[in-house]
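Hydrogens, waters and symmetry mates play no part in the numbers below; they use all other heavy atoms, side chains included. These numbers were taken from a predicted model, which means no experiment stands behind them. In what follows, residues are counted from 1 in the order of the sequence shown.
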Amino acid sequence: MAILQPQIPLSLYPHHSPTAAPFLCTPFKTPRKPLNLTCSSKGQDDYLIDAPVSAGDGFSFSGGKYSDGPSPSDEWFKQGKIVKAHPVSGSGDKAKDPIFGLKMGAASQASNDLFRWFCVESGNADNPTVILIHGFPSQAYSYRKVLPTLSKNYHAIAFDWLGFGFSDKPQPRYGFDYTMDEFVASLESLINEIATEKVSLVVQGYFSPIAVKYASNLQGKLNDLILLNPPLTATHANLPSALSIFSTFLLGEIFCQDPLRASDKTLTSSGPYKMKEDDAMVYRRPYLTSGSAGFALNVISKAMKKDLKAYVEETRKTLLDENWKVKTTVCWGQRDRWLSYDGVEDFLKNSKHKLIELPMAGHHVQEDCGEELGGIISGILGRRSRI
């Protein structure tokens, strides 16, 4: 197992060379230890958290540079660690951009062996583990207000999916194609790497069917499954226009490279969430630093548009199946502008799963009422521990 803890302003990914800065590597010795391997180095081709314009790969708006001082993105990045999990497939060739065929920068290239995932860990590793999974499109940062509450009694880990935030963003056909089946397999690899014992999952939005599919294959691995505004009805199987636009020919490629449309507009159009500038600086950073985030968003949108209907149907069947034994709770932000509440209550009554309504929250529940959600999650998990 390899877990890397970045140090700002050093580069995110280690680059081995005789002149590179020294790094320390402490193996993950026991299943109940925190993620504690530290690696740092300086490399000219590395992905930089606050890159100068010259470090851009030709598809970034400004190279990712906001100012010469520290930014909220720096502070969030310092809290994270890099976990290596899930084997890289493909031929091993260097990725080229899908528009001009130019060689992509280091941030768009896959590792030689395992993908690198950005994870933020909080709480005592001896406590029960809760894994927080962000939705589409978002980042682990969306759980920043949930983590402090959960860390009091739980070992909480939030991560960025491949293609998002500070995790790897390999180009399609160069190691990862971003299909929903691949997301299921990669989720299994990551969870196996960070938690050898049973875990509870909290997953938001359009990635909920991925978690349900994973759980259906490995029910014995889970204590609880908590879904935040998941797609559950037939009308939920179509992406809203704010997301489907990213999959359209030509226009999608353009919009995916616009950090305001890819981050600000998608997050604020789904509910009452009002984004502060400090938060926007974190969400925009991947799109400002490299074109790889936009290219990944384009391909994920296409895959989601193609496969979402089948995955929603499978999710419904799984949750209605009498052999489904995982304790499941749905938390629903009732001001969701993307997913209608119609049919949700009836489905959960039929499936005998618990429903918790949050009247002031929208699609991204953790953004609208993070502290409240943290308390709700703690209460759900706490009832199990008292049984």
Side-chain angles (χ1 to χ4, degrees), residues 1-8 24-40 75-85 116-134 139-161 165-167 187-204 211 214-215 218 220-228 282 326-329 331 365-367 369-387:
M1 169 160 185
I3 304 166
L4 322 180
Q5 183 173 13
Q7 298 177 350
I8 303 302
L24 304 174
C25 297
T26 305
F28 190 72
K29 296 180 179 179
T30 65
R32 304 307 293 176
K33 292 292 184 181
L35 314 179
N36 64 351
L37 185 147
T38 302
C39 291
S40 63
E75 297 304 314
W76 174 248
F77 184 69
K78 286 191 292 186
Q79 297 181 43
K81 301 172 183 180
I82 301 299
V83 177
K84 297 188 73 175
R116 297 161 294 197
W117 304 66
F118 179 76
C119 302
V120 175
E121 181 185 32
S122 183
N124 191 326
D126 290 328
N127 289 333
T129 297
V130 184
I131 299 177
L132 307 174
I133 305 175
H134 70 77
Q139 298 180 28
Y141 183 72
S142 64
Y143 286 106
R144 65 195 178 280
K145 293 179 284 188
V146 178
L147 285 166
T149 301
L150 288 181
S151 65
K152 297 174 183 178
N153 298 302
Y154 299 95
H155 177 220
I157 301 173
F159 69 86
D160 286 334
W161 282 106
F166 296 116
S167 289
L187 177 61
E188 180 177 353
S189 297
L190 177 64
I191 293 177
N192 287 343
E193 197 66 38
I194 62 179
T196 57
E197 299 181 4
K198 296 182 72 172
V199 300
S200 294
L201 299 183
V202 178
V203 55
Q204 191 271 329
Y214 160 80
L218 296 164
K221 180 73 175 180
L222 269 66
N223 285 320
D224 286 81
L225 177 64
I226 301 174
L227 306 176
L228 312 177
V282 180
V326 178
K327 180 184 175 185
T328 304
T329 303
C331 296
V365 180
Q366 67 272 40
E367 285 286 10
C369 52
E371 295 88 351
E372 180 183 356
L373 179 63
I376 291 172
I377 295 171
S378 294
I380 293 170
L381 303 182
R383 281 194 291 271
R384 168 176 285 275
S385 63
R386 292 192 294 268
I387 296 176

Checking L132, L228, L225 against V203 for side chain to side chain contact (heavy atoms under 4.5 Å, CB included), the one that qualifies is L225
Looking at side-chain heavy atoms only, is the closest gap between T149 and L373 below 4.5 Å?
-> no
Please tell me if the side chains of R116 and K84 come closer than 4.5 Å, counting only heavy atoms from C-beta onward.
-> yes
Side chain of N127, backbone of H155: donor and acceptor closer than 3.5 Å?
-> no
Does the side chain to side chain contact (heavy atoms under 4.5 Å, CB included) test come out yes or no for Y214 and L201, once each step is laid out?
-> CA-CA 11 Å; Y214 160 80; L201 299 183; 4.0 Å; yes
Which value, rounded to the nearest 0.5 Å, describes the distance between R144 atom CZ and Q139 atom CD?
-> 10.0 Å
Salt bridge (charged side-chain N to carboxylate O under 4.0 Å, His left out) contacts touching residues 147-159 (sequence neighbours left out) | none
Calculate, to the nearest 0.5 Å, the distance between atoms OH and CG belonging to Y154 and L381 respectively.
-> 4.5 Å
Counting N and O atoms only, with roles assigned by atom type, does the side chain of S122 sit under 3.5 Å from a partner on the main chain of S151, one being a donor and the other an acceptor?
-> no
Are side-chain heavy atoms of I226 and C331 found at a separation under 4.5 Å?
-> yes
Ring geometry between W117 and W161 (parallel below 30°, tilted from 30 to 60°, perpendicular above 60°) | tilted
Spacing of OH belonging to Y141 relative to CZ belonging to F118, to within rounding of 0.5 Å = 11.5 Å
Distance from L222 atom CG to I131 atom CD1, nearest 0.5 Å?
-> 8.5 Å
Which atom names give the shortest non-hydrogen contact between S142 and E367, and what distance separates them?
-> CA-OE2, 3.6 Å
Rounded to the nearest 0.5 Å, how far apart are CG of L187 and CD1 of I191?
-> 4.0 Å
